[in-house]
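So the structure is just underneath, and the comments pick up after that.
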Amino acid sequence: MLKMSTLFLRTLRDDPADAEVASHKLLVRAGYVRRIAAGIYSWLPLGVITLRNVERVIREEMDNAGFQEVNFPALLPREAYETTNRWEEYGPSLFRLQDRKGGDYLLGPTHEEMFTLMVKGEYSSYKDLPLSIYQIQTKFRDEARPRSGIIRGREFVMKDSYSFDLDDAGLEVSYQNHRDAYVKTFDRLGMKYNIVKAVSGAMGGSKSEEFLAPCSTGEDTYVLCPQCGFAANVEAMVTKVDAQDSSKVPAVEAFDSPNTPTIDTLVELLNSKFGGGYTGAHTLKNVMLMADNKAVCVLVPGDREVDLKRFQENLGGIHELRVFEDADFAKFPALVKGYIGPQDAKKSGITVYADPRIAPGSSWVTGANQKDRHARNVVNGRDFTPDAYVEAAEVRAGDACPECATPVVIDRAIEIGHIFQLGRKYAEALNLTVLDHNGKSQIVTMGSYGIGVTRAVAAIAEQTHDEIGLNWPAELAPAKVHIVAAGKDDLLFETAFKLGTDLEAQGISVMLDDRRDASPGVKFKDAELIGNPIIVVVGKALAEGNVEVRVRKSGEKKEVALSSAVAAITDLLK
RNA sequence: CGGGGCGUAGCGUAGUGGCUAGCGCGCCUGCUUUGGGAGCAGGAGAUCGGGAGUUCGAAUCUCCCCGCCCCGACCA
């Protein structure tokens with residue numbers, strides 16, 4: 001029984017000045033966590049209990065799915081990460097350190113290498129596969145900007161699993177098993193979430209999905225189709241635009257367009273010159289970018305910005321992508337800034353990518369590659385030809401769902417899980433092979449699957465809190481029942497303690513506010529702030545032999561006879 | 001890394017060159033009080049983030065450094 005009289009806990013009346021999001025404010029105020037440094041938190045008793053509860057649920061679901069738990073150190077030698085090139089590729093986000101002999105070490109940000117090597121050390125036959133193993137362990141990433149309390153920390157707890165299969169069909173099954181296990185896990189954690197398509201990005205591999213917990217303070221933006229349920233991270237949103245018939249489009253017509261530095265001013269000129277009907281969506285924007293120090297041009301409709309992250313993810317294999325600067329323009333004198341068109345890009349040897357909205361046969365107003373000159377009736381496929389189509393334009397609410405063309409909605413969320421079909425990238429680099437049934441050596445194919453455990457605690461707090469405090473699902477709360485002894489009679493305290501003992505005998509965890517010096521008001525506020533699902537008040541109703549049972553979430557309260565309290569509470573917790 | 005804000009007791013804060021750095025919460029002692037963050041009285045607790053400088057005098061002005069928060073870049 002957690003007794004408040006001795007519990008290592010101090011709640012705060014005021015929001016901490018350095019907290020912005022609700023989960024951060026409340027977890028600090030209710031005495032669950034304390035900040036140590038940016039993105040680094042210590043956990044107090046209530047926080048530890050809650051975190052362990054979340055871990056327990058995850059562990060049980062992983063075990064139920066047949067995955068086996070292992071554990072790696074956080075402190076790792078450089079070697080394996082050198083082999084996969086991630087010692088370099090991971091960049092400044094990797095915590096690197098040296099031992100006394102000058103040997104290089106790192107604090108593990110994720111453990112693909114170590115898991116691969118562990119399996120390599122034990123297994124060498126296809127008969128041993130499939131295999132899925134996992135750990136729940138502290139990870140370290142030197143984030144450029146830790147934020148939102150424990151939602152994005154530099155040290156955090158993650159559950160990471162890895163699957164090992166002989167072939168793609170096997171990987172598909174392992175992936176699906178993890179997906180199913182995640183659905184069960186997040187359902188049990190009481191979370192609202194969407195499973196969305198994602199781009200595999202730096203991890204490589206073919207297929208990837210994210211589990212996103214909708215939440216206004218989340219950092220991830222995703223699209224959702226209200227009609228068919230299609231959901232995707234904005235990076236993975238697909239634009240479907242059909243080819244257009246351009247046979248009736250007149251020839252390219254260049255015209256003078258002085259003082260039209262922006263799309264808006266250009267549209268204004270077009271409407272006065274050609275009798276209206278033009279919008280930004282009729283213009284073609286030629287955005288010059290530097291991709292790993294190679295100039296590229298990306299075409300998007302004039303009314304949309306280039307989403308650099310989206311373009312980079314879909315282009316793949318690019319480490320640094322940035323917009324053109326004046327110094328870059330200086331290297332390409334043929335490019336007339338503000339009047340670039342795709343017609344002459346080939347002459348400059350620049351690769352031209354087009355967003356799919358620039359459909360074959362579509363006709364555009366764009367730069368004429370001369371100062372103060374634009375051109376209209378510039379047709380894709382006739383007057384210019386993109387080298388490739390790559391999703392690049394910003395995604396907007398109302399864009400067409402790629403499955404059913406219904407306008408999509410856009411929402412924000414916290415990424416709580418991510419599952420990847422990695423393929424053979426790590427197995428190949430570290431030479432993880434098994435002999436197949438023909439005695440032939442085969443490279444193993446892998447999947448990796450993560451759940452942010454500490455982040456889940458914060459995400460659940462975000463989704464379940466209300467104005468007065470935290471509000472945990474019963475399975476995760478520090479205690480299922482919070483008994484408040486409201487009064488000063490010894491009998492009342494004895495009764496409250498007895499009730500706690502009776503509840504615990506039924507396997508129901510109990511927190512007891514047995515502080516003699518705290519007023520009832522303080523105890524009520526603390527109980528509501530801490531967020532256990534059932535609050536039982538042993539107070540003035542005791543004169544009639546009753547206690548008051550409250551449901552934290554609904555605020556519903558009722559008096560029940562002390563003698564039937566355990567039964568009533570058991571019932572409520574079902 | 002770019003932009004913005006901030007750093008005064010455990011927490012929240014006042015104090016823009018001048019007396020002993022003020023207040024609220026929390027903490028300690030005593031009395032009173034006990035169904036919505038009680039009251040009265042007394043008390044402890046601060047190298048004002050650090051260093052250098054300007055000045056008769058610096059929490060306050062200047063410079064350097066450190067740290068924290070927010071927006072962006074970044075983020076298996």
Side-chain angles (χ1 to χ4, degrees), chain A residues 9-21 24-25 28-29 31 34-40 81 84 86 89-94 108-113 115 139-149 151-154 156 158-162 198-205 208 210 217 219-220 235 308-309 312-313 319-323 415 417-420 422 425-426 446-452 455 468-469 484-489 492-493 513 515-529 535 537-543 547-548 550 557 559:
Chain A
L9 169 72
R10 192 100 303 156
T11 59
L12 304 175
R13 280 195 199 198
D14 300 310
D15 286 335
D18 60 4
E20 194 85 3
V21 301
H24 189 196
K25 287 179 182 171
V28 171
R29 274 192 60 209
R34 291 288 181 259
R35 191 182 60 74
I36 295 291
I40 303 176
Y81 288 76
T84 56
R86 286 212 290 185
E89 266 180 16
Y90 223 97
S93 294
L94 187 65
T110 174
H111 282 66
E112 281 77 7
E113 285 83 352
F115 272 82
K139 304 284 192 234
F140 298 84
R141 291 180 197 173
D142 195 358
E143 296 283 350
R145 186 153 91 81
R147 76 187 96 171
S148 306
I151 292 175
R152 177 174 293 281
R154 292 192 292 171
F156 56 95
M158 179 163 131
K159 187 289 302 177
D160 49 328
S161 309
Y162 304 84
V199 178
S200 306
M203 290 295 291
S208 140
E210 290 173 350
T217 53
E219 313 177 81
D220 286 52
E235 283 82 44
L308 286 179
K309 185 178 180 185
Q312 181 170 0
E313 294 265 358
H319 293 110
E320 194 206 351
L321 184 71
R322 60 171 176 81
V323 295
E415 180 185 346
H418 202 159
I419 54 179
F420 289 91
L422 285 179
K425 173 177 172 178
Y426 294 91
M446 294 170 56
S448 91
Y449 317 88
I451 293 177
R455 178 180 284 183
I468 56 176
V484 173
K488 58 176 177 178
D489 286 352
L492 191 149
F493 279 83
D513 198 341
R515 290 176 293 179
R516 291 277 183 168
D517 52 357
S519 69
V522 169
K523 293 182 180 179
F524 293 145
K525 292 285 187 202
D526 276 347
E528 287 151 358
L529 179 61
I535 298 171
V537 184
V538 180
K540 61 185 183 188
L542 195 59
V547 296
E548 186 182 312
R550 304 179 179 182
K557 52 177 96 171
E559 283 196 9

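In the text below, chain A, chain B and the rest are named by the order of the sequence lines, each starting its count at 1. Values below: all heavy atoms of this structure, side chains included; hydrogens, waters and symmetry mates excluded.
As a whole-Å value, the separation of A:Arg10 CZ from B:C27 P is 6 Å. In this structure, A:Lys488 atom NZ and B:U33 atom C1' are separated by 7 Å, rounded to whole Å. To the nearest angstrom, P of B:C11 lies 17 Å from NZ of A:Lys25. Protein atom CG of A:Asp513 is 15 Å distant from nucleotide atom P of B:G36, rounded to whole Å. Atom pair A:Arg13:CZ and B:C25:P shows a separation of 7 Å (rounding to whole Å applied). Between the CZ atom of A:Arg34 and the P atom of B:C11 there is a distance of 9 Å, given to the nearest Å. Regarding A:Arg152, its CZ atom lies at a distance of 12 Å from the P atom of B:C71, rounded to whole Å. Between A:Arg35 atom CZ and B:G7 atom C1' there is a gap of 11 Å when expressed in whole angstrom units.
The 5' end of RNA chain B is approached more closely, in terms of each residue's nearest nucleotide, by A:Asp15 than by the other of A:Lys557 and A:Asp15. Sequence order on RNA chain B of the closest nucleotides to A:Glu20 and A:Leu542 puts A:Leu542 first from the 5' end.
Donor-acceptor pairing under 3.5 Å, judged by distance alone, is present between the side chain of A:Arg29 and the base of B:G37. Applying the 3.5 Å distance criterion, the base of B:C69 shares no donor-acceptor pair with the side chain of A:Arg147. One can find a donor-acceptor pair under 3.5 Å joining the base of B:G37 and the side-chain atoms of A:Asp526. Judged by atom type and distance alone, A:Arg550 reaches the base of B:G36 through a side-chain donor-acceptor pair under 3.5 Å. Checked by distance alone, A:Glu528 brings a side-chain donor or acceptor within 3.5 Å of a matching partner on the base of B:G36.
When the nucleotides B:G36, B:C68, B:C75 are ranked by their closest atom to the side chain of A:Lys309, B:C75 comes out on top. Between B:G12, B:G37, B:G72, one nucleotide has an atom nearer to the side chain of A:Arg145 than all others, and that is B:G72. Listed candidates were B:G12, B:A38, B:C68. Nearest to the side chain of A:Ser519 is B:A38. Of the candidates B:G37, B:G35, B:C11, B:C11 carries the atom nearest the A:Leu12 side chain, counting heavy atoms from C-beta on. Side-chain proximity of A:Lys540 to B:G24, B:G36, B:G35: nearest is B:G35. Taking every side-chain heavy atom of A:Ala144 into account, B:C74 is the closest of B:C75, B:C68, B:C74. When distances are taken from the side chain of A:Thr11 to each of B:G35, B:G37, B:C11, the shortest belongs to B:G37. Which of B:A73, B:U34, B:G24 sits closest to the side chain of A:Pro520 comes down to B:U34.
Note on A:Val28: nothing from the nucleic acid sits closer than 4.0 angstrom, heavy atoms only. Among the protein residues, A:Glu548 comes within range of the nucleic acid bases, having at least one heavy atom under 4.0 Å from a base atom. Counting any heavy atom pair closer than 4.0 Å across all strands shown, A:Ser148 reaches sugar-phosphate atoms only and no base atom. Within 4.0 Å (heavy atoms only), A:Pro92 reaches no atom of the nucleic acid at all. Residue contacts shown for A:Ala19 are absent, as no nucleic acid heavy atom lies under 4.0 Å away.
B:G42 and B:G35 have their P atoms separated by 28 Å, given to the nearest Å. For the P atoms, the distance from B:C19 to B:C48 is 16 Å, rounded to whole Å. Rounded to a whole angstrom, the distance from the P atom of B:G45 to that of B:C40 is 23 Å. As rounded to the nearest Å, B:C1 and B:G15 have C1' atoms that lie 35 Å from one another. For the P atoms, the distance linking B:U13 with B:U8 amounts to 9 Å, nearest Å. Separation of the C1' atoms belonging to B:G50 and B:C11 is 23 Å when rounded to the nearest angstrom. The C1' atoms of B:C74 and B:U60 are separated by 38 Å, rounded to the nearest whole Å. Between the P atoms of B:G30 and B:G17, the separation comes to 45 Å (whole Å).
Using a 4.0 Å cut-off between a side-chain N of Lys or Arg and a carboxylate O of Asp or Glu, A:Asp517 and A:Arg515 do not qualify as a salt bridge.
Contact annotation: the side chain of A:Thr110 approaches that of A:Arg86 to within less than 4.5 Å [non-hydrogen atoms, C-beta and beyond].
To the nearest 0.5 angstrom, A:His24 atom NE2 is 14.0 Å from A:Arg147 atom CZ.
The two residues A:His418 and A:Ala198 have their closest heavy-atom pair at NE2-CB, 3.8 Å.
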